[in-house]
Amino acid sequence: MKRLNRKGEASPETYFNTVYDSTVKSLTRFVISKCGNILDAEDILQNIYARFYQRIIKKGYDDIENAEAFLISIAKFECKSYYSAQKRHSVTESFSDYTDEQMVMIENEMSKTQKNFEDILCDELLAREIFEDIANTDELTGKIFYLYFVCDMKLADIAVELDMNLSAVKNKLYRTIERQKKKFKL
Amino acid sequence: MDKKEFYRQLMESYTVDTERVKRNAKRKSRNVKSKVLVIRRWTAAAAACSVVTAAAVAAVSLGSSGVPHIDNSEGYNITDGGAENARERLAAAEEQFAVLSVNSGVEEFSDLYVSFRKPLKYNEITMGLSVIEDYNNISISLLYLADGSHYENTSALDDSLGFSGAKISVPASMLSEIRELKEITVVEYSESGITDDTFIPFNGLPADVTTTPEPVSENINISMPNSATEPPVTEPVTETPTETEPPVTEPTETTASSETAENETTDISADTSISAEETTVPDITTSEPVTETTTEASETAEPVFEAVAVPLQGIKTINFINNTHFVAATADSIRLFRCEKGEIKLETTYYASSAKISYSSYDGSKLFIIAKDGENRSRLYYADGDASLLSEVDVSYITSGGAELSSVSCSGDGKIVLMKAVSLDKTIVYYGERSEGTISLANHEYGSPVSVLAYSDGIVYTAVTDSKENTVKIYSIAAASGAETELASYTGTLKYTRSPDLNMALLTVTNDSGEVNVILNKSVLIPVETSDAVFSGERNDLVMLGGAYYTVSGGELTAISEEEAKPCFETVNGPAYEISENGDASVVIQIN
């Protein structure tokens with residue numbers, strides 16, 4: 001019988017919680033970069049951490065030197081399984097690039113304070129609708145949004161990460177922002 | 001806020017819910033099956049009732065209604081931090097329950113920290129949880145002593161330890177049932193900020209709220225009103241003057257062709273015509289002319305349907321037992337109403353709380369309803385659509401020792417009744433045949449949680465769970481002699497779906513290596529490849545497995561054509577009704 005002390009040092013659950021809190025951000029970024037659609041990211045993450053938890057319950061965690069690296073290896077396996085079950089869709093882009101001027105204008109606009117954003121975020125239905133509009137645009141746009149706004153990555157780095165050319169990344173980002181501006185009055 | 005910050009917050013909030021990922025990852029790794037339960041047509045009413053019950057108990061934060069509320073319990077030292085902290089904890093628990101119960105219709109799992117009324121041994125905890133019919137969906141991960149020190153739930157637990165609390169994982173749909181368990185005083189949620197290391201069970205609750213279960217003697221007779229001959233017990237109510245009227249005894253077998261149910265009156269009645277097509281038309285006929293009748297082929301008036309308000313407030317559930325009678329449950333009563341010529345009249349009232357439909361026949365005409373009286377004892381009610389009656393079944397002999405009636409089921413013809421009563425040290429399965437107003441019962445006792453799976457040809461089939469060893473054993477018990485035979489043993493977690501006639505069941509056992517599905521029929525376990533099973537209510541030998549139809553006979557499955565089988569799976573709908581959030585209700589009935 002395994003007795004735990006009040007601090008729970010011996011508990012796999014405590015270890016899991018600690019590892020989870022310190023790795024979930026980087027794992028989410030990894031999964032979003034590798035998965036097909038941003039809407040699948042949560043399911044894949046669940047599987048990764050479930051495998052990890054099951055492993056430490058069964059075999060302990062003494063032999064795990066770097067939990068994040070260990071998780072990334074599980075993540076690679078999960079994403080591979082995920083891809084094998086999915087047909088990859090090639091996306092053909094047929095729109096013209098934004099001019100530099102237009103891009104600067106959009107960038108400037110994004111830095112302007114707008115009062116109704118707080119209200120929109122509080123309106124769960126509307127906020128979810130806006131999110132799903134992004135996620136359902138195509139397989140890449142949601143990922144670009146996440147990596148750009150949440151992970152604070154540069155567009156050039158996102159292009160490398162997603163194996164796209166820079167102008168395609170920019171176009172997807174700006175075109176969606178412009179479309180949402182009209183559609184949701186953002 | 002600028003647009004960059006807006007998109008950052010938006011994407012962060014909606015892409016991945018990290019708390020949910022964490023919770024579900026733990027749940028998955030514990031091998032608790034998250035798949036949505038296979039839906040059986042005949043339990044639809046019970047499911048609806050369960051969802052409403054969740055809302056009904058949202059206002060209380062303590063578990064069982066028999067436990068005193070914290071605000072009235074001055075002097076009880078229930079927490080390390082004193083009464084103020086206790087109130088805060090209860091307030092947080094209450095708040096979280098209100099939030100989580102909104103999701104009670106889904107199979108999302110929640111981690112709960114529960115405190116017990118008194119220290120319980122591991123086996124007593126599992127027995128207490130087995131009052132809930134789908135208790136196999138509940139997993140215990142940690143067990144707490146009164147001081148907050150805790151143990152993992154392993155097979156090596158010392159049996160002499162008494163635990164004051166536990167961390168359990170349950171489907172959101174079961175939250176209300178967990179709260180109603182009498183062994184549980186307080187349910188708290190990890191969403192309130194409680195962690196495994198900070199949780200300390202509430203303890204020190206007074207002894208006078210505990211009851212000592214007494215043994216129940218064997219082979220008892222329980223009187224059950226013969227619905228064909230005995231009048232229902234009526235109790236005084238103030239809301240309407242019609243409650244003492246005798247039950248309607250007019251013939252109910254009249255069936256009109258479905259075409260006559262069509263009407264062109266209102267939008268609501270248009271909905272009704274859909275359900276009316278699939279059921280018999282209410283047998284109330286009238287000679288009064290209907291002004292807008294345009295029928296050419298018939299002399300009789302077109303039936304006109306309209307939504308009529310039910311003269312009762314705070315309605316939680318409505319179940320039609322035939323086209324003219326329905327049972328309505330409120331927080332503290334169960335009532336039978338009769339619809340007649342556009343009026344709704346109260347016929348019978350029983351005062352009882354926490355009404356839960358434990359059994360509904362596939363067509364909804366027979367209901368067993370379990371509820372609780374003022375002393376928190378289980379009461380059982382039987383609604384019979386054939387006789388248009390609601391009556392109480394006397395189960396005091398079962399419950400007088402403190403045992404809680406957990407489930408009641410019955411065969412399609414209403415003759416075979418199976419009941420399960422749970423007390424802390426044992427579960428008793430009662431089984432027997434109903435004949436002329438009496439149920440001759442025999443019983444069988446178990447020291448571990450048990451599920452009643454099926455009954456056929458005088459044999460009861462049960463599944464006994466050993467949570468510590470993670471095993472499920474399937475037994476057959478001869479009703480006449482009580483002789484028990486082990487049919488099979490599985491490692492893993494069991495879920496089951498019973499046929500409406502109780503003659504067979506689909507068992508699904510989930511373990512590390514996957515899923516095992518078998519159909520139990522007449523002591524034979526037939527392996528099948530899917531857990532997606534729907535049993536026919538019309539024919540007791542028919543089952544649909546993963547979209548294909550089969551007959552089950554002599555322990556063998558035989559494929560049958562869809563053309564022949566499909567009509568036996570059609571859903572039976574009763575009249576339409578609507579219940580508003582504040583408990584006002586209207587039913588669509590024939591008004592002419």
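Below, chain A is the first sequence line, B the second, and so on; all start at residue 1. Fair warning: this is a prediction, and the values are worked out from it, not measured in the lab.
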Does the distance from a Lys or Arg side-chain N to an Asp or Glu carboxylate O, for B/Arg8 and A/Asp152, drop under 4.0 Å? no

Rounded to the nearest 0.5 Å, what's the gap from OG1 on B/Thr15 to CD1 on A/Ile38? Could you check? 4.0 Å

Less than 4.5 Å apart, any side-chain heavy atom of B/Asp2 and any of A/Met110? no

Only pairs of heavy atoms separated by less than 4.5 Å count here; which of A/Asp21, A/Ile48, A/Leu45, A/Asn17 has the most with chain B? A/Asn17

Distance from A/Ile130 atom CD1 to B/Leu10 atom CG, nearest 0.5 Å? 6.5 Å

If the threshold is 4.0 Å, N to carboxylate O, is there a salt bridge linking B/Lys4 and A/Glu109? no

Whatever's closer than 4.5 Å to a heavy atom in chain B on A/Tyr20 counts as side chain

Has the side chain of A/Glu13 got a donor or acceptor atom that lies under 3.5 Å from a matching backbone atom of B/Asp196? no

Residue set satisfying ring pair (Phe, Tyr, Trp, His ring centres under 6.0 Å) with B/Tyr144, at least two apart, ordered chain then number -> B/His150, B/Phe199

Shortest non-hydrogen contact from B/Val21 toward A/Glu42: CG2-CG, 3.5 Å

Is it the side chain or the backbone of A/Glu107 that comes within 4.5 Å of chain B heavy atoms, both, or neither? side chain

Structural part of A/Phe52 lying under 4.5 Å from a heavy atom of chain B: neither

The interface call for A/Val150 against chain B, heavy-atom contacts under 4.5 Å, is both

Give the minimum heavy-atom separation between A/Tyr53 and B/Ala25, together with the two atoms involved. CD2-O, 4.4 Å

Answer with yes or no whether the side chains of B/Tyr7 and A/Gln180 bring together a donor and an acceptor at under 3.5 Å. yes

Can you check whether A/Phe117 reaches B/Glu5 side chain to side chain, under 4.5 Å on heavy atoms? no

Within a 6.0 Å radius of atom CD on A/Glu124, are there more than 12 heavy atoms belonging to other residues, nucleotides or ligands? no

Spacing of CE belonging to B/Met1 relative to CG belonging to A/Asp119, to within rounding of 0.5 Å: 9.5 Å

Assert top hit (heavy-atom pairs under 4.5 Å, partner chain B, pool A/Ile120, A/Asn116, A/Val24, A/Leu186) equals A/Leu186

Does the side chain of B/Val16 reach to within under 4.5 Å of the side chain of A/Val31, using non-hydrogen atoms? no

Is there side-chain contact between A/Ile57 and B/Glu152, with heavy atoms separated by less than 4.5 Å? no

Taking every heavy-atom pair that is under 4.5 Å apart, which of A/Leu39, A/Ile177, A/Thr28 has the most such pairs with chain B? A/Ile177

Please report the shortest heavy-atom distance between A/Phe16 and B/Lys22, naming the atom on each side. CE2-CG, 3.9 Å

Nearest-0.5 Å distance that lies between atom OH in A/Tyr146 and atom CD in B/Glu12: 6.5 Å

Looking at CZ of A/Phe131 and CD of B/Gln9, how far apart are the two atoms once the value is rounded to the nearest 0.5 Å? 14.5 Å

For residues B/Ser13 and A/Arg128, determine if any side-chain heavy atom of one lies less than 4.5 Å from a side-chain heavy atom of the other. no

